[in-house]
Amino acid sequence: MVNLVEAQKPLLHGLMKLAGIRPHSIEIEPGTIMNFWVPSETIIQKTKKNKKITTTTPLSNNQCAISPESTTKPDPNKPVVVLIHGFAGEGIVTWQFQIGALTKKYSVYVPDLLFFGGSVTDSSDRSPGFQAECLGKGLRKLGVENCVVVGFSYGGMVAFKMAEMFPDLVEALVVSGSILAMTDSISTTTLSGLGFSSSSELLLPTSVKGLKALLKVAAYKKLWFPDRLHRDFLEVMFTNRKERGELLEGLVVSNKDTTIPNFPQRIHLLWGENDQIFNLELAQNMKHQLGEKTTFHGIDKAGHLVHLERPCVYNKCLKQFLTSLHAEKAQK
């Protein structure tokens, strides 16, 4: 029987290419490969006659590799925006409603974190810091000099680490449904409040019932899909279970080991007001901790999946922040 989620992938990939982004695999270091969806116009390959042409080199699973003859050159007239996905879906699935809204004015890069969407590593490091390090190195290899990073949920924690590790690369952050770090106290309180015994039980469901429970706490409105679609989604989107379980273990840190970095970047918290996983109180506390360079905007009638539930409002708020950011930059 055809897997309906797998069957729609070519359509989604085609829509992304129409929006102007294409997949490419980058070797970050030996043993570590990351997949990035990048602006089509940035991939330049030289012919034998030294003429430049835009091209891609097909690989399996709709990926592409940048050959030694290829270079990448971001459009200098378009600011770079990097969209980092959460834990329950790869890059373009998470950001499918944002990519087309941004590509006209921005160079949009959508990475797949390690163990998502074809990105893999033989390293044993499962920390958000390692994900951030690989992302930073990958963007450098793609020729990106500075960017605004937008992170959702798990991707938001990676984004905070990126901003801390690469202050010259990350000029600003937009974070939705996330926190600076998953401390043991926040982990315990959040999971018990939601009725789950572990992060794996919540974020790595093994049954239709488990997936329905995840969607129930992640969305503001009750979502209905036939059980077959739930089963197909589980089969396609929840691969690399062993490694992803290790990522969840590497996420939790002790309260006594956490500090609040002094971020030089502007940070915008863009939140679903009905988020049950990371609620408004956590968001407001984080805004206070991060200081005066941090702003907050809540979107009503939206839960943890705010960018999917209310994409038009989310996109409007995101673009307003990006416009104000670059207007300030132009005045300096």
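Start at 1 with the first residue, then count along the sequence. Since this is a predicted model, take the numbers as computed values, not measurements.
The side chain to side chain contact (heavy atoms under 4.5 Å, CB included) test with V175 singles out one residue from V149, L290, L269, I84, and that residue is L269. Among L247, T239, N240, the single residue meeting the side chain to side chain contact (heavy atoms under 4.5 Å, CB included) criterion with E243 is N240.
The distance from atom CG of L114 to atom CD of Q131, rounded to the nearest 0.5 Å, is 4.0 Å. Note that the CZ atom of F152 and the CG atom of L83 stand 12.5 Å from one another [nearest 0.5 Å]. The distance from the CD atom of E273 to the NZ atom of K301 is 11.0 Å, given to the nearest 0.5 Å. In this structure, the separation between CD1 on I28 and OG on S123 is 12.5 Å, given to the nearest 0.5 Å. From H326, atom NE2 reaches atom CZ of F321 across 8.5 Å, with rounding to the nearest 0.5 Å. In this structure, OG1 in T190 is found 9.0 Å from CD1 in I277, a value given to the nearest 0.5 Å.
The aromatic ring centres of H307 and W95 sit less than 6.0 Å apart.
Formation of a donor-acceptor pair under 3.5 Å by the N315 side chain with backbone atoms of F97 is found in this model. Of the possible donor and acceptor atoms, one in the side chain of S40 sits under 3.5 Å from a partner among the backbone N and O of G20.
By the rule that hydrophobic residues join a cluster once side-chain heavy atoms approach within less than 4.5 Å of another member, L305 and M237 end up as members of one cluster. The hydrophobic cluster containing L251 does not contain V253, counting ILVMFWY residues as joined when their side-chain heavy atoms lie under 4.5 angstrom apart, directly or transitively. Y220 and L202 fall into different hydrophobic clusters, where Ile, Leu, Val, Met, Phe, Trp and Tyr are joined by side-chain heavy atoms under 4.5 Å apart, directly or via other members. Side-chain heavy atoms closer than 4.5 Å link hydrophobic residues (I, L, V, M, F, W, Y) into clusters, and following such links, even through other members, never connects V208 to W224. L234 is not connected to V2 by any chain of hydrophobic side-chain contacts under 4.5 Å among Ile, Leu, Val, Met, Phe, Trp and Tyr, and they are in different clusters.
For the pair H24 and V38, the tightest heavy-atom approach, listed with the atom from each and the gap, is CD2-CG2, 3.4 Å. In terms of heavy-atom proximity, K137 sits nearest to E29 at NZ-OE1, 3.6 Å.
Heavy atoms from other residues, nucleotides or ligands lying under 6.0 Å from NZ of K105 number 12 at most. No more than 12 heavy atoms of other residues, nucleotides or ligands sit less than 6.0 Å from atom CG of N262.
Between K242 and E246, at least one side-chain nitrogen of the basic residue sits less than 4.0 Å from a carboxylate oxygen of the acidic one, meeting the salt-bridge criterion.
Both tests pass for R244 against the ring of F116: distance under 6.0 Å to the centre and angle within 45° of the axis.
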